[in-house]
Enquirer: 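What follows is a single structure, and I will ask about it in a moment.
We're numbering straight along the sequence, starting at 1. Computation of the quantities below employed the complete heavy-atom set of this structure, encompassing side-chain atoms and omitting hydrogens, waters and symmetry-equivalent molecules.
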Amino acid sequence: MSFFKDVSLKSAGSDLIGFLRTSGNHSPWLFLAACVPTAIIIYTFYIDTLQKGKPPPREIIYVESWPATRTIEESKAAIAERQKLKDEMIAREKEAYKAFGRAVGMDVDRIEREALAERAAQKAAPEKQDAGAVK
């Protein structure tokens, strides 16, 4: 487990200098060509960790506020207007789903009739139970 107990930076440096001083088929340029890309890769990893370590900027959310003099009628009108927009959006969404269903070959009208009949049956079932419960 103690792999690094035999490692010494001083002896490694002296071995490297001794190797570079010997004459042979090696070239210092080849050594630089091997070391420079490695150093660049390590440096880019370092820069990348600095950038990813920063927290994202805060998201600012603006909340709609109303004046203190707003009346209940104005509030109810704003609520009704917003509900009308929501209902229109839901209607558009339903039409889009129907168009998609028709495009893939489904009988959308039959499915809608069955759903309406099922809802009517569910609505009528509690009424029958309530009528039978009265003594």
Side-chain angles (χ1 to χ4, degrees):
M1 286 296 250
S2 60
F3 174 77
F4 294 107
K5 72 175 183 170
D6 298 327
V7 176
S8 168
L9 292 177
K10 184 178 179 183
S11 60
S14 64
D15 285 345
L16 178 63
I17 291 171
F19 175 73
L20 292 175
R21 286 188 180 163
T22 61
S23 61
N25 293 335
H26 61 276
S27 167
W29 297 110
L30 182 63
F31 174 73
L32 284 176
C35 290
V36 168
T38 305
I40 290 173
I41 290 170
I42 291 172
Y43 182 70
T44 54
F45 280 134
Y46 173 72
I47 295 298
D48 187 49
T49 58
L50 290 179
Q51 294 297 321
K52 301 230 174 165
K54 294 180 183 175
R58 292 184 178 179
E59 181 182 351
I60 299 173
I61 300 173
Y62 294 99
V63 178
E64 188 176 345
S65 61
W66 298 278
T69 59
R70 180 175 161 171
T71 64
I72 293 182
E73 290 79 25
E74 291 174 339
S75 297
K76 288 181 179 180
I79 291 170
E81 182 181 337
R82 192 164 298 220
Q83 187 62 43
K84 181 180 171 185
L85 292 173
K86 284 183 182 180
D87 291 342
E88 290 173 0
M89 186 177 65
I90 290 171
R92 283 195 309 264
E93 187 176 341
K94 283 184 181 181
E95 288 303 317
Y97 278 120
K98 285 181 184 179
F100 178 71
R102 288 185 186 100
V104 296
M106 296 172 67
D107 187 5
V108 178
D109 298 325
R110 180 184 57 84
I111 294 171
E112 189 175 9
R113 282 192 306 271
E114 289 174 359
L116 288 174
E118 186 177 325
R119 281 191 209 122
Q122 286 177 354
K123 199 173 193 180
E127 291 174 2
K128 288 180 182 178
Q129 290 175 356
D130 290 341
V134 177
K135 291 184 180 179

Enquirer: Excluding sequence neighbours, so at least two apart, what forms salt bridge (Lys or Arg N to Asp or Glu O under 4.0 Å) with R113?
Expert: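 So R113 forms no salt bridge (Lys or Arg N to Asp or Glu O under 4.0 Å) with any residue.
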Enquirer: Keeping to residues at least two apart or across chains, list the salt bridge (charged side-chain N to carboxylate O under 4.0 Å, His left out) pairs with something in residues 74-91.
Expert: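 Of all non-adjacent pairs touching residues 74-91, those that pass salt bridge (charged side-chain N to carboxylate O under 4.0 Å, His left out) are E64-R82.
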Enquirer: Are L16 and L32 linked, directly or through intermediate hydrophobic residues, by side-chain heavy-atom contacts shorter than 4.5 Å (ILVMFWY only)?
Expert: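 In one cluster: no.
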Enquirer: Check the surroundings of atom CZ in R119: do more than 12 heavy atoms from other residues, nucleotides or ligands lie under 6.0 Å from it?
Expert: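 Not more than 12 within 6.0 Å, no.
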Enquirer: Between L116 and V108, is there a shared hydrophobic cluster once you connect ILVMFWY residues whose side-chain heavy atoms come closer than 4.5 Å?
Expert: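 Different clusters.
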Enquirer: Once side chain to side chain donor-acceptor pair (under 3.5 Å) is applied, what residue pairs with a partner in residues 90-101 remain, sequence neighbours excluded?
Expert: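 Every side chain to side chain donor-acceptor pair (under 3.5 Å) pair that includes a residue of residues 90-101, provided the two are not neighbours, is K98-E112.
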Enquirer: Among T44, D48, I42, L50, which residue meets the side-chain contact (heavy atoms from CB on, under 4.5 Å) test with Y46?
Expert: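 Among T44, D48, I42, L50, the one meeting side-chain contact (heavy atoms from CB on, under 4.5 Å) with Y46 is L50.
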Enquirer: Mark yes when over 12 heavy atoms from residues, nucleotides or ligands other than I47 sit less than 6.0 Å from its CD1; otherwise mark no.
Expert: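 More than 12 within 6.0 Å, yes.
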Enquirer: Please report the interatomic distance CD1(I72) to CD1(I79), rounded to the nearest 0.5 Å.
Expert: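 Nearest 0.5 Å value for the CD1-CD1 distance: 10.0 Å.
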